[in-house]
Amino acid sequence: MANLRVVFVWHAAVEPEYRKLLAAIADCGVDLLAIVPTAWTEGGKLLKVRSMASDKGCRIEALAALGRDRVKRFFYPNIPRLASLLRSFSPDVLHVFEEPYSLCTFEILLLKKLVASKARVVIHTFENLPTDHGVPFAASERFCFKHADAFISVPEEGINVLRSKGYRGPIHCIPIGLDANKFYRRNNPFDDLAFLEADLLNALRADTFKIAYVGRLVPEKGVDLLAEAVASLRAKGMDLVLFIVGAGQWKRDLERLVEQKGIGKQTFFLAPLQSSALSAFLSCMNTLVLPSRSTGRWKEQFGRVLIEAMACGVPVVGSSSGEIPNVIGEGGLIFKEGDVEDLVARLSLLAGDDVLRKRLAAKGRARVLERFTHEKVADGIVSCYKEILREAVHHTSADEALRV
């Protein structure tokens, strides 16, 4: 039996770590052509990609994008090249890992109708709020709802959002994953952290309770709440250190805040880390906190750093915003979003109970291996492909029977 042929359109595949998902899908018996931008800013880093004949079983085609770094507005202007790729590859499935309101998604589906009409369409979404995206993006969304054979929603709440907007087709809830062979608890983490300055290394080696935040430095991520909680715990006599890893518009505000709260000397800011260094860094931590707070237009859609920390055997503490409780499950603790005192209580409990920390660390790692590896995610995605192709055969057979 011939392999499934899949065209996978995904701007985030500029990140080598994310391309491991494509390799895992290819390992499931799929011939994969991935279309990615030649350049994109992912995780705070500008990444550039060239077309590659093979990337662990996956052919990569990198095309210049207009509106780069704008998920909603970007598209590929080289229409003839896109059409040629779709026509020549002749996919069974066209998987667009872009939001349905994206101009890129509209462009790809329109071309599909013209040059690859037999392909079944899967669209990926992270949306967990019923947002009206306005003109012309709402029109793109409606077009995609009409022509998609199935949706994959990363957050569980996305199912209700899609239904509320009128989509009536199949919806599969599949999380994102990671390479569990790269994210694990390191016995000698400092080998990968030698590039850090001496004061940082000393703080990482110190026998103190170490708390980390990793992610974008923006208001909705709630890092100020974590700083307040750390200041409160310090005032109660707890010996702890806070590490804030990331980049963003709010960094200077946070630097001023930790000074105002009297924890400037106990707080260290680090630039975004590559995955190998991040795994080593997390291995030094006693806990990782994701204190996201919902706004009128956003709530946490997943929280990738949670599974990265859990894979490294780090107990996690997350707010009740969006998908965080579904990701953590029994692998960590949840506090009421926006509630500093509740966060203080969870951190106090964790700091004072070594048995609890060990139990959560083990459960977190086990949960990642069960649900959040690239291989598990790929299995779910390929099952989705096979289901919509079976439905296509069923409908074709039914139509033929009616004609007879």
Side-chain angles (χ1 to χ4, degrees), residues 1-16 18-19 21-40 42 47-124 136-137 139-141 143-144 146-152 378 381-382 384-385 388-389 392 396:
M1 181 178 177
N3 284 356
L4 288 177
R5 297 177 63 80
V6 176
V7 170
F8 202 109
V9 183
W10 190 21
H11 71 270
V14 295
E15 167 62 62
Y18 298 170
R19 287 203 297 274
L21 171 61
L22 304 180
I25 293 173
D27 284 343
C28 293
V30 173
D31 292 333
L32 200 63
L33 168 64
I35 297 174
V36 306
T38 53
W40 194 272
E42 189 67 25
L47 300 174
K48 297 182 179 181
V49 179
R50 291 180 295 180
S51 296
M52 293 177 273
S54 177
D55 185 18
K56 295 185 179 179
C58 172
R59 174 183 164 195
I60 305 293
E61 281 290 335
L63 303 178
L66 283 181
R68 197 191 76 203
D69 300 340
R70 302 291 296 274
V71 171
K72 183 181 282 190
R73 298 177 180 274
F74 95 97
F75 65 97
Y76 297 103
N78 193 342
I79 303 297
R81 179 59 178 159
L82 267 180
S84 175
L85 287 169
L86 291 176
R87 184 186 295 110
S88 62
F89 196 79
S90 187
D92 300 302
V93 176
L94 177 58
H95 186 159
V96 189
F97 203 141
E98 310 289 351
E99 294 293 344
Y101 52 78
S102 165
L103 295 183
C104 172
T105 309
F106 176 79
E107 168 191 42
I108 296 294
L109 263 63
L110 193 60
L111 274 177
K112 176 264 177 190
K113 287 177 63 66
L114 297 174
V115 300
S117 59
K118 293 183 179 180
R120 315 308 287 181
V121 174
V122 177
I123 300 176
H124 233 101
F137 310 107
S140 170
E141 193 173 54
F143 181 83
C144 293
K146 182 177 179 181
H147 295 285
D149 294 287
F151 263 82
I152 293 176
I381 289 174
V382 173
C384 172
Y385 296 161
I388 62 172
L389 289 172
T396 299

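Keep in mind it's a predicted model, so treat the numbers as computed, not measured.
Note that CD1 of Ile35 is 14.5 Å distant from CH2 of Trp10, once rounded to the nearest 0.5 Å. Separation of atoms CD1 (Ile123) and CD (Glu98) is listed at 10.5 Å; rounding is to 0.5 Å. In this structure, Cys28 SG and Asn3 CG are separated by 10.5 Å, a value rounded to the nearest 0.5 Å. We find the SG-CG distance between Cys384 and Asp149 to be 9.5 Å, quoted to the nearest 0.5 Å. One finds the CG atom of Leu114 at 11.0 Å from the CG atom of Leu109 (value rounded to the nearest 0.5 Å). In this structure, SG in Cys58 is found 11.0 Å from CG in Asp27, a value given to the nearest 0.5 Å.
Taking 4.5 Å as the limit, some side-chain heavy atom of Trp40 sits within range of a side-chain heavy atom of Asp69. Two residues are said to be in side-chain contact when any heavy atoms from C-beta on lie closer than 4.5 Å; Ile25 and Val6 fail this criterion. Looking at Val96 and Glu107, their side chains never come closer than 4.5 Å, going by heavy atoms from C-beta outward. The shortest side-chain heavy-atom distance between Ile108 and Val7 does not fall under the 4.5 Å cut-off. A heavy-atom distance below 4.5 Å is not found between the side chains of Val93 and Val30.
Under the side chain to side chain donor-acceptor pair (under 3.5 Å) criterion, His95 pairs with His124, Tyr385, not counting sequence neighbours. By the side-chain contact (heavy atoms from CB on, under 4.5 Å) test, Lys113 is found to be paired with Phe143, His147, residues two or more places apart in sequence or in another chain being considered. Looking at residues two or more places apart in sequence or on another chain, you find no side-chain contact (heavy atoms from CB on, under 4.5 Å) involving Lys118.
In terms of modelled atom types and a separation under 3.5 Å, the side chain of Arg19 and the main chain of Ala13 share a donor-acceptor contact. When atom types are taken as modelled, the side chain of Ser51 and the backbone of Ala62 share a donor-acceptor pair closer than 3.5 angstrom. The backbone N or O of Leu33 sits nowhere less than 3.5 Å from a side-chain atom of Glu61 that would complete a donor-acceptor pair. For the pair Lys112 (side chain) and Val121 (backbone), a donor-acceptor distance under 3.5 Å is absent.
Judged as a salt bridge (charged side-chain N to carboxylate O under 4.0 Å, His left out), not a single pair has a partner in residues 82-93 (not counting sequence neighbours).
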Under 3.5 Å, side-chain donor or acceptor atoms of residues 72-80 against the rest of the protein: list the pairs with distances, not counting sequence neighbours.
from: Lys72; atom 1: NZ; to: His133; atom 2: ND1; distance (Å): 3.4
from: Asn78; atom 1: OD1; to: Arg81; atom 2: N; distance (Å): 3.1

Just distance, no hydrogens or angles: give the donor-acceptor pairs under 3.5 Å from side chains in residues 99-106, sequence neighbours left out.
from: Glu99; atom 1: OE1; to: Thr125; atom 2: OG1; distance (Å): 2.6
from: Glu99; atom 1: OE2; to: Phe126; atom 2: N; distance (Å): 2.7
from: Ser102; atom 1: OG; to: Val71; atom 2: O; distance (Å): 3.2
from: Ser102; atom 1: OG; to: Cys104; atom 2: N; distance (Å): 3.0
from: Thr105; atom 1: OG1; to: Glu99; atom 2: O; distance (Å): 2.7

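Nearest approach of Val14 to Val49, heavy atoms of both residues: CA-CG2, 3.5 Å. Shown here for Leu21 and Ala378, the closest heavy-atom pair between the two residues is CD1-N, 4.0 Å. Closest approach of Arg68 and Ala39 over heavy atoms only: CD-O, 2.8 Å.
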